[in-house]
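What follows is a set of notes on a single structure, which appears directly below.
Only this structure's heavy atoms are used, side chains among them; waters, hydrogens and symmetry mates stay out. Every value quoted in this text rests on a predicted model; they were computed, and no experiment measured them.
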Amino acid sequence: IKLSIATLIEQLKLIESAYKNGTTTEINIIQLKAEILKLEQKQIQLESGKQTAYEILYYLMSVDESAQKEIKKPEIT
């Protein structure tokens with residue numbers, strides 16, 4: 001998702017430049033910004049779901065809060 005957001009941000013820069021030159025309309029910029037926001041929202045939802053899943057796992061494993069900090073979480077990209 002992060003890569004998709006970065007790609008869309010680069011496309012947004014190009015479209016904004018094209019808009020300034022009069023070769024595209026503002027609606028294209030608005031649509032691209034909306035798509036970026038959707039992806040950012042999806043990323044937040046995924047992170048929230050991941051955190052909730054960890055909390056449930058810790059609860060089921062009877063891991064207390066201090067031990068949670070010692071458990072290393074793998075990074076998902």
In short, salt bridge (Lys or Arg N to Asp or Glu O under 4.0 Å) pairs touching residues 2-20 with sequence neighbours left out are Glu10-Lys13
How many angstroms lie between atom CG of Leu12 and atom CD1 of Ile36, to the nearest 0.5 angstrom? 5.0 Å
Return the CD1 to CG distance between Ile29 and Leu14, rounded to the nearest 0.5 Å. 11.5 Å
Are Ile1 and Leu8 linked, directly or through other ILVMFWY residues, by side chains that come within less than 4.5 angstrom of each other? yes
Is it the case that one hydrophobic cluster holds both Leu37 and Leu39, taking links as side-chain heavy atoms less than 4.5 Å apart, direct or via other members? no
Check the hydrophobic clustering (I, L, V, M, F, W, Y; side-chain heavy atoms under 4.5 Å; chains of links allowed) and say if Tyr54 and Leu46 are grouped together. no
Contacts satisfying salt bridge (Lys or Arg N to Asp or Glu O under 4.0 Å) that involve residues 26-39 (not counting sequence neighbours) are none
State the CD-CD1 distance between Gln51 and Ile56, to the nearest 0.5 angstrom. 10.5 Å
Are there over 12 heavy-atom neighbours, none belonging to Lys42, within less than 6.0 Å of that residue's NZ? no
Separation between OH (Tyr19) and OG1 (Thr24), nearest 0.5 Å, reads 9.5 Å
Please check if the side chain of Thr7 supplies one atom and the backbone of Leu3 the other of a donor-acceptor pair under 3.5 Å. yes
Gap between atom CD of Gln45 and atom CD of Gln41 - 0.5 Å precision: 5.0 Å
Run the side-chain hydrogen bond (donor to acceptor under 3.5 Å, both in side chains) test against Thr25 and tell me which residues pass, sequence neighbours left out. none
Rounded to the nearest 0.5 Å, what's the gap from OG1 on Thr52 to CG on Leu57? Could you check? 12.5 Å
